[in-house]
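To start, the structure under review is shown below, and the notes come after it.
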Amino acid sequence: MPDLKFKTTITCPSTTLNDAIEDVEIIAESVSFMAEDKKFIVSASGDSSKAMVEIKADEGIVIKTEEKVKSKYSIEYLKKMIQASKISDQVTISFNKDYPLKLEYKEIDKLQMMFILAPRIEND
C-alpha cells in the first residue's frame, strides 16, 4: 500500500456508508465527502437537484479530523468498493482535500481489505 497521510479518519458501521452512498447516487456521478468537528457529510449535486446525508459522531461513529476537509470521488467505483461491507461490519474512511480516499474493512485476526480511490478534482 502506498504511504498516504490523512487528515481525516472516520470509523463507522459499514451500513452507514452504504446507505449514504445509496441515497446520493441517484443525483450525480460523483459524491463529495466533507468532514468537520463531529460531523461527516456525504453529498451529491446534479443539474437540477442535490442530496446530502449528514452523519454525526456518536457511540458507533468516530470522526477524527484536523480541519474542515472536502473531497470528491466517483460513485461508480465507490459502489464496487463498498461491496466489502459483506465481510465486515465496520469501515474506516480516510481522506483529505483533493487527496485519495482509503476505505478499510477489517475483521480482527481474520482479514483486512483496503481500497484506494483517486479523487475527482473540481474545476471551480
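No side-chain heavy atom of Asn96 sits under 4.5 Å from any side-chain heavy atom of Pro119. In this structure, the side chains of Cys12 and Val91 come closer than 4.5 Å at one or more pairs of heavy atoms. Contact annotation: the side chain of Pro100 approaches that of Leu4 to within less than 4.5 Å [non-hydrogen atoms, C-beta and beyond]. With a 4.5 Å cut-off on side-chain heavy atoms, Ile93 and Phe33 count as touching. The shortest distance between side-chain heavy atoms of Ile41 and Ile55 does not fall below 4.5 Å. Contact annotation: the side chain of Ile87 never approaches that of Glu107 to less than 4.5 Å [non-hydrogen atoms, C-beta and beyond]. The closest side-chain heavy-atom distance from Ser71 to Lys97 is not below 4.5 Å. Annotation: side chain of Lys106 is not in contact with side chain of Gln90 (no heavy-atom distance under 4.5 Å).
Taking hydrophobic clusters as Ile, Leu, Val, Met, Phe, Trp and Tyr residues chained together by side-chain heavy-atom distances below 4.5 Å, Ile10 shares a cluster with Met81. Met52 and Ile61 are not part of a single hydrophobic cluster, where members link through side-chain heavy atoms under 4.5 Å apart. Hydrophobic clustering (side-chain heavy atoms under 4.5 Å, transitive across Ile, Leu, Val, Met, Phe, Trp, Tyr) keeps Tyr73 apart from Ile26. Criterion: ILVMFWY side-chain heavy atoms under 4.5 Å apart, direct or through other members. Under it, Phe95 and Met34 are not part of a common hydrophobic cluster.
Checked by atom type, the side-chain pair Ser85/Ser14 shows no donor-acceptor distance below 3.5 Å. For the residue pair Gln83/Lys86, the side-chain donor-acceptor check at 3.5 Å is satisfied.
If you look at Tyr99 and Phe6, their ring centroids are closer than 6.0 Å.
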Check the pair Lys7 / Glu67 against side chain to side chain contact (heavy atoms under 4.5 Å, CB included), numbers first and verdict last. CA-CA 7 Å; Lys7 290 188 177 181; Glu67 60 190 42; 3.6 Å; yes
Before giving the answer on side chain to side chain contact (heavy atoms under 4.5 Å, CB included), spell out for Tyr77 and Phe115 the whole-Å C-alpha distance, their side-chain angles and the decisive distance to 0.1 Å. CA-CA 10 Å; Tyr77 292 108; Phe115 300 95; over 6 Å; no
Yes or no on side chain to side chain contact (heavy atoms under 4.5 Å, CB included) for Lys56 and Lys38, after CA distance, side-chain angles and deciding distance? CA-CA 6 Å; Lys56 294 184 179 182; Lys38 297 185 171 100; over 6 Å; no
Does Lys68 form a side chain to side chain contact (heavy atoms under 4.5 Å, CB included) with Lys70? I'd like the steps, not just the answer. CA-CA 7 Å; Lys68 187 174 178 178; Lys70 183 177 180 182; over 6 Å; no
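Distance check, rounded to the nearest 0.5 Å: CD1 of Ile75 to CD of Glu22 gives 11.5 Å. Note that OG1 of Thr8 and CD1 of Ile63 are 9.5 Å apart. Values are rounded to the nearest 0.5 Å. With rounding to the nearest 0.5 Å, the separation of CG in Leu103 from OG in Ser94 is 8.5 Å.
The backbone N or O of Lys50 sits nowhere less than 3.5 Å from a side-chain atom of Ser45 that would complete a donor-acceptor pair.
Considering all non-hydrogen atoms of both residues, Ile21 and Lys79 come closest at CG2-CG, 4.1 Å. Nearest approach of Ile27 to Ala51, heavy atoms of both residues: CG1-CB, 3.5 Å. Across every non-hydrogen atom of Leu78 and Val31, the tightest pair is CD1-CG1, 3.2 Å. Ser30 approaches Ala44 most closely through the heavy-atom pair O-CB, 3.6 Å.
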